[in-house]
Chemist: 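Quick one: the structure is below, and I'll ask about it shortly.
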Amino acid sequence: MSVPATDLRRTERDAVIGGVAVGLAVALIALVGPILLFAIGVFSILLGVVFCLTVIGIVIGLPLILVGVVSIVGGAIGGSLGPVFALVLGAAAGLLTYEQRRRKVARG
C-alpha cells in the first residue's frame with residue numbers, strides 16, 4: 001500500500017515539530033527542576049522544624065527534615081550541570097522522539 005508524497009511530507013513535518021516540542025519541554029524541565037527541588041527542600045525543613053516544636057513531635061518532624069536535606073542536595077547536584085545539561089538532554093529527547101515517529105511512519 002503506497003502513501004501519497006504529500007502525506008509523507010506532512011508526517012515528516014509533524015515528526016520534526018513533535019521532536020522540537022519534546023526537546024524544549026525536557027530542556028525547560030531540566031532547567032527548572034533543581035530550583036523546585038531546592039525550594040521543596042527548604043519548605044520541608046521548615047515544616048519539619050515546626051512539627052518538632054509542636055505536639056506532633058519528632059516522629060513526623062525528623063523525617064521531613066531528612067527529606068528536605070536530601071532534596072536540597074539533589075537540587076545542588078542537578079543544578080551544578082546547568083544549561084549545558086538541559087540543552088544536551090533536550091536535544092537527545094527531541095532526536096529520539098523524531099526518530100521514533102519517523103520509524104513508525106516508515107513501518108506503517
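This is a predicted model, so every value here is computed, not measured. The analysis underlying the following values was restricted to heavy atoms, covering all of them including side chains, and did not include hydrogens, waters or symmetry mates.
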Chemist: Just to verify, what does Q100 make a side-chain hydrogen bond (donor to acceptor under 3.5 Å, both in side chains) with, not counting sequence neighbours?
Modeler: none
Chemist: May I have the list of side-chain donor-acceptor pairs in residues 58-66 shorter than 3.5 Å, sequence neighbours left out?
Modeler:
none

Chemist: Is it the case that over 12 heavy atoms from other parts of the model lie below 6.0 angstrom from the CZ atom of F38?
Modeler: no
Chemist: Provide the full list of salt bridge (Lys or Arg N to Asp or Glu O under 4.0 Å) pairs with a residue in residues 38-55, sequence neighbours left out, each pair given once.
Modeler: none
Chemist: With sequence neighbours excluded, tell me which residues meet side chain to side chain contact (heavy atoms under 4.5 Å, CB included) with S71.
Modeler: L37
Chemist: So I40 and V67, do their side chains get closer than 4.5 Å, heavy atoms only?
Modeler: no
Chemist: Scan residues 18-39 for pairs that pass salt bridge (Lys or Arg N to Asp or Glu O under 4.0 Å), counting only residues two or more places apart or in two chains.
Modeler: none
Chemist: Considering residues at least two apart in sequence or located in another chain, which fulfil the side chain to side chain contact (heavy atoms under 4.5 Å, CB included) criterion with L46?
Modeler: V42
Chemist: Find out if a path of hydrophobic residues (ILVMFWY) with successive side-chain heavy-atom gaps under 4.5 Å connects V70 to V73.
Modeler: no
Chemist: Taking ILVMFWY side chains as joined if any heavy atoms are under 4.5 angstrom apart, and letting links pass through other members, which residues group with V32?
Modeler: L36
